[in-house]
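Residue indices begin at 1 and follow the sequence shown.
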Amino acid sequence: MSETTSLDAIDKRILRIVQNDASLTIYEIATQVGLSQTPCWKRLQRLRASGVIKRRVELLDPVKLGLGTTVFVSIQVGDYSGKGLAHFAANVAAMEEVMDFYRVAGNVDYVLRVVVPDTAAFDRFYKRLIALVQLKDVTSCFTLENIKSETAFPITG
């Protein structure tokens, strides 16, 4: 399958089901989409092999794990050399507090979503971050309330 995979209506129904509850059995999924188990299993295998389904995970509650502080960090780098950016990206991606890491277009170069127990933990993270390479600007926005957090993509059709 290509980078943009062609999905039919049954594939899309399967994906809507499994991204909301990956613990369902093949029988339960097949029943919901109107297939027998073998064709449903084959479709799931194809979706996994093509990379449409990347992995199966359990979603955890960060607050119950003592990770109640989420910070969005916007970064402007000072050095745009290929080596400097690659070094920076590899090191930031390896930091366990970084949940999402995007290179973006616009006024900043990178945006991170960082999850930590508290502001003291963020300060320790911040010091490690700014020690990686010389940065032009780092702006941090501490969240006050999580109004919506979704993992399921809107699959239409």
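V108 and L132 end up in different hydrophobic clusters when Ile, Leu, Val, Met, Phe, Trp and Tyr side chains are linked at under 4.5 Å. Both I10 and L7 are assigned to one and the same hydrophobic cluster, defined by single-linkage of ILVMFWY side chains at heavy-atom distances under 4.5 Å. Using a 4.5 Å cut-off between side-chain heavy atoms of Ile, Leu, Val, Met, Phe, Trp and Tyr, with links allowed through other members, M95 and L67 fall into different hydrophobic clusters. Under the 4.5 Å side-chain heavy-atom criterion for grouping Ile, Leu, Val, Met, Phe, Trp and Tyr, V115 is not connected to V111 through any hydrophobic cluster. By the rule that hydrophobic residues join a cluster once side-chain heavy atoms approach within less than 4.5 Å of another member, V98 and V104 end up as members of separate clusters.
Taking 4.0 Å as the cut-off between side-chain N and carboxylate O, E97 and R128 count as a salt-bridged pair. Salt bridge D8/R43: present, at least one basic N to carboxylate O contact under 4.0 Å. A salt bridge does not link K136 with D109: none of the charged nitrogens is closer than 4.0 Å to a carboxylate oxygen.
Between T69 and P117 the shortest side-chain heavy-atom distance does not fall below 4.5 Å. Considering only heavy atoms from C-beta on, L47 stays 4.5 Å or farther from Q45 through its side chain.
Side chain of R113 to main chain of D100: no donor-acceptor pair is present (N/O by atom type, distance under 3.5 Å, no hydrogens or angles).
More than 12 non-hydrogen atoms from other residues, nucleotides or ligands lie less than 6.0 angstrom from CG of D21.
Aromatic ring centres of F142 and F122: separated by under 6.0 Å.
Ring geometry, Y110 versus F88: the interplanar angle falls from 30° to 60°, so the pair is classed tilted.
E28 and T31 share no side-chain donor-acceptor pair at under 3.5 Å.
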